[in-house]
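Below: one structure, written as structure tokens.
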Amino acid sequence: MKRIDRLSYLQRITSLLGKGEVIVLTGHRRAGKSCILESLESLLAENGNVLFLDMENPDNAGIQSFEELNVWIKKHRIEGSHNYLLIDEVQEIAQFEKTLRFWIKQPGMDIIVTGSNAMMLSSDIASTFAGRYIRVHIHSLSYPEYLQFNAMQASDSALMSYFFWGGLPFLGNIPLDDSRSRTDYLGSIYDTIFVKDVVSRKQIRNISLIDNLTRFVADNSGKLFSASSIAKYLKGKGDAVSSNTVAEYMDTLCATYLIDRVRRYDIRGKRLFEQQDKFYFEDLGLRNYLCRDKRLVDLEKVLENAVYLKLCQEGYEVYVGQLDNKEIDFVARRGNETVYYQVALQINSEETYEREVGNLKKINDNHPKFVITMDPMASMINDGGIKVLQAADFLLR
């Protein structure tokens, strides 16, 4: 099976070793966490003793509790050596944090674990860890990783392939021309997330309602809406539901890492708004699977989602900007750095130009401002220091 070493993640994770904190790799199912853990196993074996525990391996089915995990660690660790404990799908072990909290305090021990569901990082578990963990979020393949994984050269067709199928690594094992198998695979991943991480864990009875909600979010990715507005829409479709229930279900979908909530940021007042958010999918292919009748006409939504994912992969905290009654697609913040982005498929009218470039010009500060577009003529725009980048160039950087 294909695998690439995702160096940006490996470098970040290894830089966090030796700090006395559990490193937790999170992300939705099949985003590549297990492969990163396997790459770490090979990398760290050069420096010490690696204890690798794959909880999806039936041979390890007997390790179901923190007590059994503790016995396994004692059996496999080497006294006097530096030990690296790597556990894949750690949430399968009941109260695992009790054992990890003990061992992370022992000299010569680093711990890295993966988990598919945000429930393993609930406030209860965070309290049990006593703050001794660092979360590293793993996304699906970026566009450069997609090219590397599929042995493709950057081109318009390669970019459209990435937009269409997304970055789930296993798709690289299915021929590009086998659309049926690729679609079936995306469907199986969605069904697994939906059944195991959403319905079963939250004991949801109204399955059709939350499925309709997920499809609504996919069809409206990148649009501002609130729980009450969604509740009104669903009521019009025959699903009577309260805004509180919608809010709870949206929290559940975000907890599975299927979608991300992006909050609005008041650029002038430098504060977050409490109502109306945007939502983006963590994988383009999963989003498109839910809107597969519109994949060829939703390119602007997909482009905006791809830009959002790129900013997240680069370590930015991302917000939707609000300046009076004007909207800035993304405010990206990392440390003391702030960058503003507008995303437009084309800039071929005065109205579009004013909305994308004009809104950026109204921001009265010196932070960098960019417009990301697929309009080949827009690169000639140079207005007030605002830079226009071709989407392919931005996603390749």
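Phe281 is not listed as a side-chain neighbour of Leu253, based on a closest heavy-atom distance of 4.5 Å or more. Here the side chains of Leu86 and Leu53 are not in contact, with every heavy-atom distance at 4.5 Å or above. Counting heavy atoms from C-beta outward, Leu17 and Tyr84 have side chains that approach closer than 4.5 Å. In this structure, the side chains of Glu337 and Arg334 come closer than 4.5 Å at one or more pairs of heavy atoms. Looking only at side-chain heavy atoms (C-beta outward), Val241 and Lys235 stay at 4.5 Å or farther from each other. Looking at heavy atoms from C-beta onward, Tyr185 lies in side-chain contact with Leu171 at the 4.5 angstrom threshold.
Checked by atom type, the side-chain pair Thr245/Glu248 shows no donor-acceptor distance below 3.5 Å. Judged by distance alone, the side chains of Asp110 and His82 do bring a donor and an acceptor atom under 3.5 Å apart. Side-chain N/O atoms of Asp184 and Tyr289 include no donor and acceptor closer than 3.5 Å. For the residue pair Asn83/Trp103, the side-chain donor-acceptor check at 3.5 Å is not satisfied. Side-chain atoms of Tyr146 and Ser161 include a donor-acceptor pair closer than 3.5 Å. Defined by atom type and a distance below 3.5 Å, a donor-acceptor pair is present between the side-chain atoms of Ser208 and Asn206. Between Glu97 and Gln95, the side chains place no donor N or O within less than 3.5 Å of an acceptor N or O (distance only, hydrogens not considered). A donor-acceptor pair shorter than 3.5 Å can be found between the side chains of Asp88 and Thr114. Donor-acceptor pairing under 3.5 Å is recorded for the side chains of Ser140 and Asp283.
Ring planes of Tyr308 and Phe330: tilted class, angle from 30 to 60°. Using cut-offs of 30° and 60° on the angle between ring planes, the pair His139 and His137 is perpendicular.
Under a cutoff of 6.0 Å and an axis angle of 45°, Arg12 and Tyr9 do not form a cation-pi pair. Both the sub-6.0 Å distance and the 45° axial angle are not jointly satisfied by Arg29 relative to the ring of Tyr257.
Of the charged side-chain nitrogens involved, none lies within less than 4.0 Å of a carboxylate oxygen, so that Asp324 and Lys362 do not count as a salt-bridged pair. In this structure, Asp298 pairs ionically with Arg287, as a charged nitrogen and a carboxylate oxygen lie closer than 4.0 Å. Of the charged side-chain nitrogens involved, none lies within less than 4.0 Å of a carboxylate oxygen, so that Arg397 and Asp393 do not count as a salt-bridged pair. For Asp277 and Arg264, the salt-bridge test fails: no basic side-chain N is under 4.0 Å from an acidic carboxylate O. One finds a salt bridge joining Arg30 and Glu56 here, because a Lys/Arg side-chain nitrogen approaches an Asp/Glu carboxylate oxygen to under 4.0 Å. One finds a salt bridge joining Asp365 and Lys369 here, because a Lys/Arg side-chain nitrogen approaches an Asp/Glu carboxylate oxygen to under 4.0 Å. Under the 4.0 Å criterion applied to side-chain N and carboxylate O atoms, Glu354 and Lys361 are not assigned as salt-bridge partners.
Using a distance-only test at 3.5 Å, with no hydrogens or angles considered, a donor-acceptor pair links the side chain of Glu68 to the main chain of Ser65. With hydrogens and angles disregarded, no donor-acceptor distance shorter than 3.5 Å links the side chain of Asn220 to the backbone of Lys223. Using modelled atom types, no side-chain atom of Asn150 and backbone atom of Met152 make a donor-acceptor pair closer than 3.5 Å. A donor-acceptor pair under 3.5 Å is formed between the side chain of Thr256 and the backbone N or O of Leu258. Of the possible donor and acceptor atoms, one in the side chain of Thr14 sits under 3.5 Å from a partner among the backbone N and O of Gln11. Of the possible polar contacts, one joining the Asp375 side chain to the Ile347 backbone as a donor-acceptor pair under 3.5 Å is found. A donor-acceptor contact shorter than 3.5 Å links the side chain of Thr192 to the backbone of Ser188. Side-chain N or O atoms of Asn359 include one that pairs as donor or acceptor with a backbone N or O of Arg355 at under 3.5 Å. Remark: side-chain polar atoms of Lys105 are not paired, donor with acceptor, to backbone N or O of Gly20 under 3.5 angstrom. A donor-acceptor pair under 3.5 Å is absent between the side-chain atoms of Glu356 and the main chain of Tyr353, judged by distance alone.
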Report task. Please report the C-alpha distance between Tyr319 and Phe273 in whole Å, then the side-chain angles of each, then the deciding distance to 0.1 Å, and finally whether the ring pair (Phe, Tyr, Trp, His ring centres under 6.0 Å) criterion is met. Result -> CA-CA 10 Å; Tyr319 305 92; Phe273 289 100; over 10 Å; no
The test is ring pair (Phe, Tyr, Trp, His ring centres under 6.0 Å); show your working for Phe66 and Phe96 and say whether it passes.
CA-CA 5 Å; Phe66 71 95; Phe96 62 87; over 10 Å; no
Between Asp211 and Arg215, does the salt bridge (charged side-chain N to carboxylate O under 4.0 Å, His left out) criterion hold? Intermediate values first, please.
CA-CA 6 Å; Asp211 183 53; Arg215 294 174 188 275; 3.1 Å; yes
Are Arg263 and Glu274 close enough, and set up right, to give a salt bridge (charged side-chain N to carboxylate O under 4.0 Å, His left out), and what steps lead you there?
CA-CA 8 Å; Arg263 300 184 64 186; Glu274 295 298 328; 3.6 Å; yes
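Rounding to the nearest 0.5 Å gives a distance of 7.5 Å between OG1 of Thr373 and CG of Leu303. Rounding to the nearest 0.5 Å places CD of Glu317 at 10.0 Å from SG of Cys312. Taken to the nearest 0.5 Å, the CG atom of Asp59 stands 9.5 Å off from the CG atom of Asp54. A distance of 11.0 Å separates CG in Leu234 from OG in Ser242, rounded to the nearest 0.5 Å. Leu323 CG to Ile267 CD1: the interatomic distance, rounded to the nearest 0.5 Å, is 5.0 Å.
By the rule that hydrophobic residues join a cluster once side-chain heavy atoms approach within less than 4.5 Å of another member, Ile193 and Phe170 end up as members of one cluster. Put simply, Val71 and Phe52 are part of two different groups of oily side chains (I, L, V, M, F, W, Y) that touch within less than 4.5 Å, one to the next. Placement of Leu299 and Val307 within a single hydrophobic cluster is found when ILVMFWY residues are connected by side-chain heavy-atom separations under 4.5 Å, directly or transitively. In terms of hydrophobic clustering, with Ile, Leu, Val, Met, Phe, Trp and Tyr side chains grouped at heavy-atom distances under 4.5 Å, Ile87 and Ile78 are assigned to different clusters. The hydrophobic cluster containing Phe102 also contains Val22, counting ILVMFWY residues as joined when their side-chain heavy atoms lie under 4.5 angstrom apart, directly or transitively.
Ring-centre distance between Tyr341 and Phe370: below the 6.0 Å cut-off.
Contact record, Leu85 with Trp72: CD1-CZ3, 3.8 Å, taken as the closest heavy-atom pair. What you find for Arg77 and Leu51 is that their closest heavy atoms are N-CD2, 3.6 Å.
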Quiz: residues 38-45 side-chain donor-acceptor pairs under 3.5 angstrom, not counting sequence neighbours:
{"from": "Glu38", "atom 1": "OE1", "to": "Arg3", "atom 2": "NH1", "distance (Å)": "3.2"}
{"from": "Ser39", "atom 1": "OG", "to": "Asp5", "atom 2": "OD1", "distance (Å)": "2.9"}
{"from": "Ser39", "atom 1": "OG", "to": "Cys35", "atom 2": "O", "distance (Å)": "3.1"}

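Among residue pairs with one or both ends in residues 221-242, those qualifying as ring-ring contact (aromatic ring centres under 6.0 Å, His included) are Phe216-Phe225, Phe216-Tyr233, Phe225-Phe279; sequence neighbours excluded.
Surrounding CG of Asp156 are at most 12 heavy atoms belonging to other residues, nucleotides or ligands under 6.0 Å away. Residue Gln346 qualifies as enclosed at atom CD: its count of foreign heavy atoms under 6.0 Å is above 12.
For His367, there are no ring pair (Phe, Tyr, Trp, His ring centres under 6.0 Å) partners at least two apart in sequence or on another chain.
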